[in-house]
Amino acid sequence: MSYLRNTWYVAGWDYEISREMMARVILEESILLYRKEDGSAVAMSNRCPHRMAPLQKGKLKGDAVECPYHGLVFDTTGRCIHNPHPHGNGPIPPEMKLRQYPVVERDGAIWIWMGDRPADSSLIPDYHWISATAHYRTTRGVIEIACNYQSVADNLLDLTHLSYVHPSGLGPNLNDVMSERLEHVIENKQVWCKRTAKNVRASMDFQMLNPRIRDVAVDKKHDVRWIAPAHSLISVHYVKAGTQSTDATGADIGHMATPISPTKTLMFWNISRNFLLDSAEVDVRMEQFAHIAIDHQDAVIMAEQQRMMGNEWDINRLNPVCLPNDISVNRARNILRRMIDEENGVIARTADVVNLTAEID
Amino acid sequence: MIGLRNIWYIAAWDYEVTERPVERIILEKSVVVFRAADGSASVLDNACPHRFAPLSRGRVIAGNIECAYHGLRFNSDGKCIHNPHPNGCGPIPPALCVRKYPVVERHCAIWVWMGDKVPDETLIPDYHYIDDTENYRTFRGVFELDSHYWLGCDNALDLTHVTYVHAGGLGGGADNVINERRELVRDGNSLWCKRYNDDIVAGPDFRRFNPALNDIKVDKQQNVRWDPPGNILIVILYTKANEPDACKTSVYAGNMLCPVSDTKTRFHWSVSRDFALDSDKLDDAMRAVTELALIKQDKAMIEDQLTLMGTIDIDELNPVYIQDDVLPLRAKMTLDAMIKTESQERVDEALNWRTPHISLTPA
């Protein structure tokens, strides 16, 4: 399956990567992750080029990695710096090296660049809420879901699922849904699904988490933004109904989907709230809320969808019946498909063929 | 998987189907089974045509099933009748429907027709013992077998295994089978293998079930009926030796195997008797014997066979046949021929549709 490669994916949260080596499969490649003695993160191929043993099971020698099978040692650029055979100092063929992946640590995440083109850190999407601890309090986690990664964006770009998948909590009151204004727009290759509602109640979960909006009428702004290849950012904010307050209370919720394989996804998520920053009680409630809404509701329905789709990873090849609300879902899929085609040269080649035909005519 | 489609399969026992939808997989096809408030059962394709979420995770509202993902509702014909977005009354594209399968509730089971042809109710095999509560007493159940359904049929169709797999219980001693008379009878779609043993001692389990069989010699009939694709009826009939009207004791055991996949089967079973109709205690005793035989002994054997064979058709492994394989072989040949006819008919039909404007040039 082809993926967008010249882009950043989240390989792990900062707290997951340590001096203990770990391996993660990203875009079907097994990747070794650890930190150097100076604390910076390293990502390299996990497969020793000699007999394909997993380096993650080996040992760290300072910053270098020793393969668990025959003891070859690689430095953090992927170069083999030691072959113990024979006599503690054997020859090192030039091909004996690991692919090294560019890595950036930003906003609590270890970002990895999977492409061949030069890595461009300005392309990392903005998740500043996670690191701006003076203004936000963040709860975050990661879950492996048995589904194609694009199902995550499908799920979030069509929030009409809220009342059904999250009936008692996140879902808005059905009467409130009817008064929502909904706008689907594209700005800079980013797909937006903007919802506003006036004079409604906040969803039960947000009322429970935030006493300021409990049992009062509010104006609600609920935007979902998709950024290629697989970022879905929700911004949900409330003000007291009828006030033009700039002091909105709410949360910025990020979902970073990292494809493992065509039918497996690692989903990193964060919920950054701008209220009750010091409340340990809200921290606990937020954890519980995320556990139910993500692990027990969204992840389950997405895995079940994939089960019904079998090994097919592209839902559009199964001819789904589309509804008006799928507009953002399909826009995001089209943009991503075009980006992948461009990267693979498919579009350039198609253009060549068209030109050729024109000449023949 | 390979299987006969224009035929009835048991999707569930009647008591398994309620207003709470359940998923069943038949010939690798996932379907949702539920009842409307009026009691009628429906079987629809399980994948919602919008984003392929399984409808079986949804709920039944006024006889319609609501998808658990975005709330689309489908009626019992499989047609979408409600899209809540936006404003509680969204548009419904005509393609928004799921396949509805013909259903018949009979003999306490939900039978579903998996093919494209017009369903033929006369093809539902006769298990009236189950619903004729005046003359019979029945208990029944279902379990999942991790094996190919044909290996399950193979087991029930050759009852010479009873003496060995169910040694000491259901089967009598090995000497009982030596003087057996046998006949094979075809009756419409059904195949019967009838076995007669005269002047023998009843098996220990049956002497316990009906003490009248103690201390006497009996004539025993052990008949097996097969109906395509995986429906078996085992009739065990004891009478006093040489007195065909005395001590009549009969048991009608149903094994209705529903293929889930090449490696999974839903095994529905029933046991009906025509004696001691009021005895709960006898139910318990017979249930214990049945469950031991089916869910412990037969299940283990049939699953081990699959482990050794893989999913390949047993006849392709050149098994050595012995005389007792006649019924399973006849049944298998019949079924294979039906499957072949069915696929040939589809091919012929397709050729008729698609090629009228293409004339083949003779060589």
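Order of the sequence lines sets the chain letters (A, B, ...), proteins ahead of strands, with each chain counted from 1.
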Of the backbone (N, CA, C, O) and the side chain (C-beta and beyond), which part of A:Ile315 lies under 4.5 Å from a heavy atom of chain B, both, or neither?
both
Chain A contact via [X] - which portion, at a heavy-atom distance below 4.5 Å:
| X | value |
| --- | --- |
| B:Glu28 | neither |
| B:Asn46 | both |
| B:Cys67 | backbone |
| B:Arg57 | side chain |

Shortest non-hydrogen contact between [X] and [Y], atoms and distance:
| X | Y | answer |
| --- | --- | --- |
| A:Ile301 | B:Ala53 | CD1-CB, 4.2 Å |
| A:Glu304 | B:Pro54 | OE1-CG, 3.4 Å |
| B:Tyr69 | A:Tyr164 | O-CB, 3.4 Å |

Within-4.5 Å side-chain heavy-atom neighbours: [X] and [Y]:
| X | Y | value |
| --- | --- | --- |
| A:Pro324 | B:Pro91 | yes |
| A:Leu323 | B:Pro93 | yes |
| A:Asp326 | B:His70 | no |

Can you confirm whether [X] is buried at [atom1], in the sense that more than 12 heavy atoms of other residues, nucleotides or ligands lie under 6.0 Å from that atom?
| X | atom1 | value |
| --- | --- | --- |
| A:Lys221 | NZ | no |
| A:Leu318 | CG | yes |
| B:Asp38 | CG | yes |
| A:Arg317 | CZ | yes |
| B:Arg99 | CZ | yes |
| A:Arg338 | CZ | no |

Pick out which of B:His50, B:His85, B:Arg51 makes a side-chain contact (heavy atoms from CB on, under 4.5 Å) with A:Asp158.
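Looking at B:His50, B:His85, B:Arg51, the match for A:Asp158 under the side-chain contact (heavy atoms from CB on, under 4.5 Å) is B:His50.
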For chain B, which residues of residues 248-271 of chain A have heavy atoms nearer than 4.5 angstrom
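Listed by number: none.
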Best-contacting candidate, B:Ala68, B:Ser30, B:Gly58, against chain A by heavy atom pairs under 4.5 angstrom:
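Result: the option with the highest number of such pairs is B:Ala68.
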Rounded distance (nearest 0.5 Å) linking atom CG of B:Leu72 with atom OG1 of A:Thr160:
8.0 Å
